There are 2 protein chains.
Amino acid sequence: MNVSAASALNLHGFTAGVLPANCPTRTVLDHVTSKWGVLVLVALSQETLRWGELRRTIEGISEKMLASTLRTLEADGLVHRDAHATIPPRVDYSLTGLGRELADRLLPLMHWISANASDIVGRPAE
Amino acid sequence: MNVSAASALNLHGFTAGVLPANCPTRTVLDHVTSKWGVLVLVALSQETLRWGELRRTIEGISEKMLASTLRTLEADGLVHRDAHATIPPRVDYSLTGLGRELADRLLPLMHWISANASDIVGRPAE
DNA sequence: CGGTATCCCCCTCGATACTG
DNA sequence: CAGTATCGAGGGGGATACCG
């Protein structure tokens with residue numbers, strides 16, 4: 001292992017060379033990499049969106065999973081919920097400061113995946 | 001939406017403001033954000049590891065899930081498998097060029113998560 | 001050591017229906 | 001419009017046993 005590789009794994013709370021199981025990092029990683037977590041964060045990285053806009057932006061998400069994903073991310077302090085007591089009701093979702101920091105790390109990942117996805121999935125079957 | 005925000009969503013294959021369902025990007029995202037995908041890629045980002053080392057590094061992973069995750073990532077061309085016909089057998093796993101590019105986007109994310117995880121999970125319960 | 005095969009539980013997720 | 005409630009199927013994933 002060279003020096004830069006060693007420092008790359010010098011993650012806060014990670015023992016050298018081990019990815020521990022009982023660690024808040026695992027929990028957050030599970031929330032973010034839950035089936036819809038990344039997509040919600042990426043969608044909100046562009047702009048504040050209403051519930052219905054979010055649902056249309058993220059094709060294929062069910063109401064139940066959108067609600068549940070938003071609740072988890074809100075409880076984690078990554079997403080801010082702003083409910084207006086109007087008729088019809090209006091609820092805006094946006095990223096918190098923490099959420100924006102996270103999204104800034106997620107966007108390069110998404111860009112790379114979307115640029116390379118066809119090379120990856122399009123490979124000859126086994 | 002400002003200009004930088006608009007360009008940020010200018011993802012290859014993504015229609016403006018929409019995250020499409022039937023898209024290779026979703027498939028790759030699912031593979032990477034499968035329960036163990038990120039952890040395997042991060043572990044291998046440090047160095048080539050043998051099966052047993054990988055199993056010990058990623059605490060809590062079962063043999064079945066390690067095998068299954070490695071097979072998926074190998075089929076995606078992200079991980080390289082190098083089997084030596086020795087006794088006892090020895091199998092080395094490493095990242096391919098593609099896998100390294102991906103890991104380079106994953107490491108900043110993991111660093112941020114591990115640095116902020118306790119702030120996130122440690123919030124007061126609802 | 002480095003796997004594969006099998007069983008089976010649980011939990012995620014989708015569908016549907018309903019409400020403020 | 002913006003949700004919540006309930007139900008049920010499916011498969012992700014763990015435990016165990018076995019093989020080259």
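In what follows, every chain begins at residue 1, and chains take the letters A, B, ... in the order their sequences are listed. These numbers were taken from a predicted model, which means no experiment stands behind them. Only this structure's heavy atoms are used, side chains among them; waters, hydrogens and symmetry mates stay out.
Side-chain contact between A/Met110 and A/Leu39 is present, with at least one heavy-atom pair separated by less than 4.5 Å. Side-chain atoms of B/Arg26 and B/Leu19, non-hydrogen and from C-beta on, do get closer than 4.5 Å to each other. Side-chain atoms of B/Ile61 and B/Trp36, non-hydrogen and from C-beta on, do get closer than 4.5 Å to each other.
What separates CH2 of A/Trp36 from C1' of C/dG14 is a distance of 10 Å, to the nearest Å. If you take NZ of B/Lys64 and C1' of C/dT6, they are 9 Å apart, rounded to a whole angstrom. Put simply, CZ on B/Arg55 is 14 Å from C1' on C/dT4, counting in whole angstrom units. Residue B/Glu74 contributes atom CD, which lies 14 Å from atom C1' of C/dG2 at whole-angstrom precision. One atom, CH2 of A/Trp51, and another, C1' of C/dT19, lie 14 Å apart when rounded to the nearest Å. Here the P atom of nucleotide C/dC1 and the CG atom of B/Leu70 are 17 Å apart, to the nearest Å. B/Met65 has its CE atom 13 Å from the P atom of C/dT4, to the nearest Å. Atom NZ in A/Lys35 sits about 18 Å away from atom P in C/dC11, given to the nearest Å.
Overall bending of the helix from C/dC1-D/dG20 to C/dG20-D/dC1, expressed as the angle between end axes built from five pairs apiece, is 50° (10° steps).
In this structure, the separation between NZ on A/Lys35 and CG on B/Asp30 is 6.0 Å, given to the nearest 0.5 Å.
The backbone N or O of A/Arg50 lies less than 3.5 Å from a partner atom in the side chain of A/Glu53, making a donor-acceptor pair. Without hydrogens or angle criteria, A/Thr69 side chain to A/Leu66 main chain gives no donor-acceptor distance under 3.5 Å. Under a 3.5 Å cut-off, the side chain of B/Glu59 and the backbone N or O of A/Pro20 do not form any donor-acceptor pair.
Along DNA chain C, the nucleotide nearest to A/Gly60 and the one nearest to A/Glu63 differ in position, and the one closer to the 5' end is contacted by A/Gly60.
The stretch residues 85-94 of chain A touches DNA chain D through A/Pro88, A/Pro89, A/Arg90, A/Val91, A/Tyr93, each having a heavy atom within less than 4.0 Å of the strand.
Residue-level contact check: A/Arg50 touches the backbone only, with heavy atoms under 4.0 Å from sugar-phosphate atoms and none from bases.
In terms of the side-chain hydrogen bond (donor to acceptor under 3.5 Å, both in side chains) criterion, B/Arg55 has no residue partners (sequence neighbours excluded). Remark: A/Arg90 pairs with A/Asp92 by the side-chain hydrogen bond (donor to acceptor under 3.5 Å, both in side chains) rule, at least two apart or across chains.
For residues 96-107 of chain A, the side chain to side chain donor-acceptor pair (under 3.5 Å) pairs, not counting sequence neighbours, are A/Arg100-A/Asp104, A/Glu101-B/Trp112.
Counting 5' to 3', DNA chain D first comes under 4.0 angstrom of a heavy atom of chain A and last does so at the ends given by D/dC1 to D/dC7.
Tested against A/Leu78, the residues A/Thr72, A/Leu70, A/Leu73 include a single side-chain contact (heavy atoms from CB on, under 4.5 Å) partner, A/Leu73.
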